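Side chains included, hydrogens not; waters and symmetry mates left out as well; all remaining heavy atoms used. Below, chain A is the first sequence line, B the second, and so on; all start at residue 1. The model shown is predicted, which means the values in this text are computed figures rather than measured ones.
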There are 2 protein chains.
Amino acid sequence: MTTNTKTPAAVLPLNSILSGDCIEAMRALPDACVDLIFADPPYNLQLKGTLHRPNNTQVDACDDHWDQFDSFRAYDEFTRAWLAEARRLLKPDGALWVIGSYHNIFRVGAELQNQGFWILNDVVWRKSNPMPNFRGKRLTNAHETMIWASRDEGAKYTFNYEALKELNDGVQMRSDWVIPICNGGERLKDDKGDKAHPTQKPEALLHRILVGCTKPGDVVLDPFFGTGTTGAVAKMLGRDWIGIEREEAYRKVAEKRLSKVRRFDKTALEVTQSKRAEPRVPFGQLVERGMLRPGEMLVSPRGQMAKVRADGTLIADDVKGSIHKVGATLEGAPSCNGWTYWHFRRDGKTVSIDVLRQQIRAEMGR
Amino acid sequence: MTTNTKTPAAVLPLNSILSGDCIEAMRALPDACVDLIFADPPYNLQLKGTLHRPNNTQVDACDDHWDQFDSFRAYDEFTRAWLAEARRLLKPDGALWVIGSYHNIFRVGAELQNQGFWILNDVVWRKSNPMPNFRGKRLTNAHETMIWASRDEGAKYTFNYEALKELNDGVQMRSDWVIPICNGGERLKDDKGDKAHPTQKPEALLHRILVGCTKPGDVVLDPFFGTGTTGAVAKMLGRDWIGIEREEAYRKVAEKRLSKVRRFDKTALEVTQSKRAEPRVPFGQLVERGMLRPGEMLVSPRGQMAKVRADGTLIADDVKGSIHKVGATLEGAPSCNGWTYWHFRRDGKTVSIDVLRQQIRAEMGR
DNA sequence: CACGGCAATGAATCGTACT
DNA sequence: AAGTACGATTCATTGCCGT
């Protein structure tokens, strides 16, 4: 695979399901074309005939250690191949989510790290209604594990912190998510009324992932598309999606499902923004506009004083510099947000200078 | 290492702490001599800079030398070596528990499988009070992962299903356990009042593992003993233990701690064979968390007495069972709400156990 | 003594944009 | 590319101290 077989992004097969083996299908896509990948790979180590040893002989059912080892090796090879393609398709600041159980997740996680992905969190899907352990020989297997990883260490991955915090009743979202398994009306059935897919994931899971880790208009790839939960939620949320699925029966169910999905209206898609996303206002503008006068004194919560200078810096004793630097120095702190630290007096009341910044931002919005 | 270097089990260094490197120390022990291994290996955290809270105080990070590895490869080699020795020390029907975070657990789990261990469950320790994510860049890292594995596939490992079910108030124990982090009076301090060990595990965690996966008189090995939580709980529960710890400071703290631990009395250690119980917040959690101690007496409004047992059941005269069943039997009533019926004494006052349930509910409300 | 306020702290892979 | 400056960011629990 060379990197000069690029296809213009304009011809990406957006919002469609590709048929065929996921590794082959990924090879036909250009480098760095997707923002997020959600992957729910098979974890049956025998993979029902889909797994082959490196010499192309088929792995069959086994229970002794050598065969077990062979089976692990074949699974590792499969994992290495699809993860490498997934990595190639990700934009530099893209990220990957992968879900699995104890049968496969340790192998997937180790290979992720080996390839240079940078794990951001492991997340536990805590099932509120799991299937019990009927034989009483083990604990109820009541969760699955997801790994969230950026393509590279230091990448500027998307994380809508405030949005997830809102989803979680005002406290920051944790790494353990309590979500019911997919059943009831959401569970897709085939013509005979049986479940259409053995491991259909709940839309709530994908909703949280896509709200938290993508922006509207992002491209989301699911190389193990199944009956299309990823595509359905992506469509609802106004994200573009690409699915890959080799089983025709699943593709058919997914096509039908997706044709019925409607995008949420635009205002419903807006999520709470971080302050970081708001425009930067230089402190000097407050002076330029006459909201604060040169020579005026600012005061900190602990009673520290500083004088405003004409160039938008402060001076306190022998300390000069920005509102942040002077605040940090006076507090002996490694850093300080001068906007919330400093206050001024008007009509006998003490007011945060951040109020003035908000006034300017409000004017900019008009 | 040949298999004929066996030492008679009689000379096993039971109930003592071995000093030195865990791999070397394990090599000095005979094949197939322990029933259960609990291992809390270094996590290889790979922390880079310093982290400050929003109030500018610095987070006391785990940056100890013993947690530093040069590369994944070095960590894998370390993992391979200690796991191989652990496997050799296990009896054929023995089992291993290992705890870790996303930094290391995938590598440990994969190597476990490579060596022929058979994973029985992965278990999530959901922390009720984790440290938040201060910069809002990721999800709150609110859990750690444990792997429970038998030495071999098909082994007849110990699993006290009924005991864990009783601990969970009559419903099957799940693979996700909500337990607070270790702090307050349980957290060991050094001479200066600082935490004696950066990563001391809560006794409730070990209590559940040892009640569920060992029998009285079993030998429990902890190759990363630290300040001895495994030994302390093993001693309370009447299990023999062996600890290995290379840091003298930790050994000293552990020795002092263990000298003070007392074994629970015999009736408290008997584990229920029957079925029964039903409600919601498990009474057993009060025991695991140390809110009530095995052997402690409860009293009813009419002065009936009952003793708390390690699996969360009560015993009064010849009546054994849940708080509800014992209450009903003593009253000659068809049923009884044990939560309002039973009381315990603290500081000379009589308090309903329902107060403790409300505390747990408050914790779990999040 | 009870209660409230305030400080301390826990296995953490914890910036970003501009010059 | 590297250096500099801005400025955003926390939850549950324990324990001390003052009223």
*For the side chain of B:Cys62, counting heavy atoms from C-beta on, which of D:dT9, C:dA11, D:dT14 is nearest?*
C:dA11
*What nucleotide, of C:dT9, D:dA8, C:dT16, holds the atom closest to the side chain of B:Arg53?*
C:dT9
*Pair of N/O donor and acceptor under 3.5 Å linking D:dA8 base with A:Thr340 side chain*: no
*Do the two ring centres, one from B:Tyr250 and one from B:His197, sit under 6.0 Å apart?*
yes
*Quote, to the nearest angstrom, the P distance that separates D:dT10 from C:dT16.*
15 Å
_B:Tyr43 side chain, from C-beta outward: closest of D:dT9, C:dT13, C:dA11_ = C:dA11
*Using atom CG of B:Asn129 as one end and atom P of C:dT9 as the other, report the distance to the nearest whole Å.*
16 Å
*Would you kindly say whether A:Gln115 and A:Glu111 are connected by a side-chain donor-acceptor distance under 3.5 Å?*
yes
*What integer number of Å spans the P atoms of D:dC16 and C:dC1?*
15 Å
*Is there a side-chain polar atom (N or O) of A:Ser274 under 4.0 Å from OP1 or OP2 of D:dT9?*
yes
*Presence of salt bridge, A:Lys156 and A:Asp93, under 4.0 angstrom*: no
*Tell me whether C:dT13 sits syn or anti, counting syn as a glycosidic angle within 90° of 0.*
syn
*Quickly work out the B:Ile179 CD1 to D:dT13 C1' distance and round it to whole Å.*
17 Å
_Categorize B:Lys195 for me: base, sugar-phosphate, or nothing, with a 4.0 angstrom heavy-atom threshold over every strand shown._
sugar-phosphate
_Taking 4.0 Å as the cut-off, does a side-chain nitrogen or oxygen of B:Arg126 come that near to OP1 or OP2 on D:dA12?_
no
*Could you label the plane-to-plane angle of the A:Trp97 and A:Trp177 rings as parallel, tilted or perpendicular, counting under 30° as parallel and over 60° as perpendicular?*
tilted
*Indicate, with yes or no, if the rings of A:Tyr157 and A:Trp118 have centres closer together than 6.0 Å.*
no
_Under 4.0 angstrom between A:His324 side-chain N/O and D:dC6 OP1 or OP2_ = no
*Give the rounded distance in Å between these two atoms: CD of A:Glu278 and P of D:dT9.*
9 Å
_At less than 4.0 Å, is any side-chain N or O atom of A:Asn337 found next to OP1 or OP2 of D:dA8? Yes or no._
yes
*According to a strict under-4.0 Å criterion, is B:Asn141 in side-chain N/O contact with OP1 or OP2 of C:dT13?*
yes
_I want to verify a distance call: between C:dA11, C:dA12, D:dT10, whose nearest atom is closest to the B:Asn55 side chain?_
D:dT10
_Ring-face cation contact, B:Phe72 with B:Arg107, 6.0 Å cut, 45° max_ = yes
*A:Ser322 side-chain N/O to D:dA5 phosphate OP1/OP2 under 4.0 Å*: no
_D:dT10 phosphate, OP1 or OP2, under 4.0 Å from A:Lys165 side-chain N/O_ = yes
*Is the base of C:dT13 touched by the side chain of B:Arg138 through a donor-acceptor pair closer than 3.5 angstrom?*
yes
_Dot-bracket notation for DNA chain D, counting Watson-Crick and G-U pairs under 3.5 Å, with | for partners on another strand_ = .|||||....|||||||||
*Would you say whether B:Phe134 stacks on C:dC14? The test is a distance between ring centres of less than 5.5 Å and an angle between planes of less than 30°.*
no
*Taking for each residue the nucleotide of DNA chain C with the nearest heavy atom, is it B:Lys127 or A:Arg276 whose nucleotide lies nearer the 5' end?*
B:Lys127
*If you pin A:Gly170 and A:Arg357 to their nearest nucleotides in DNA chain D, which one's is more 5'?*
A:Arg357
*So, A:Trp148 versus A:Phe159, ring centres under 6.0 angstrom or not?*
yes
*Would you please confirm or rule out a distance under 4.0 Å between OP1 or OP2 of C:dG15 and any side-chain N or O of A:Lys156?*
no
*Among D:dT13, C:dT9, C:dA2, which nucleotide sits nearest the side chain of B:Lys349?*
C:dA2
*So what does B:Asp67 touch, heavy atoms closer than 4.0 Å: a base, only the sugar-phosphate, or nothing?*
base
*Rounded to whole angstroms, how far apart are CG on B:Asp194 and C1' on C:dA8?*
12 Å
*Rounding to a whole Å, what distance do you find between B:Tyr102:OH and C:dA11:C1'?*
10 Å
_Without decimals, in angstroms, what is the distance between B:Gln58 CD and C:dA11 C1'?_
16 Å
_N-O pairing of A:Asp152 and A:Arg87 below 4.0 Å_ = yes
_Both A:Arg280 and A:Tyr161 contact DNA chain D. Which one's nearest nucleotide lies toward the 5' end?_
A:Arg280
*Side chain of B:Lys201, base of C:dA11: donor and acceptor closer than 3.5 Å?*
yes
*Do the side-chain N and O atoms of B:Ser352 and B:Arg357 include a donor-acceptor pair separated by under 3.5 angstrom?*
no
*For B:Cys182, report the nucleic acid contact type (base, sugar-phosphate, nothing); a contact means any heavy atom under 4.0 Å.*
nothing
*Under a 4.0 Å N-O cut-off, is there an ion pair linking A:Arg345 with A:Glu296?*
no
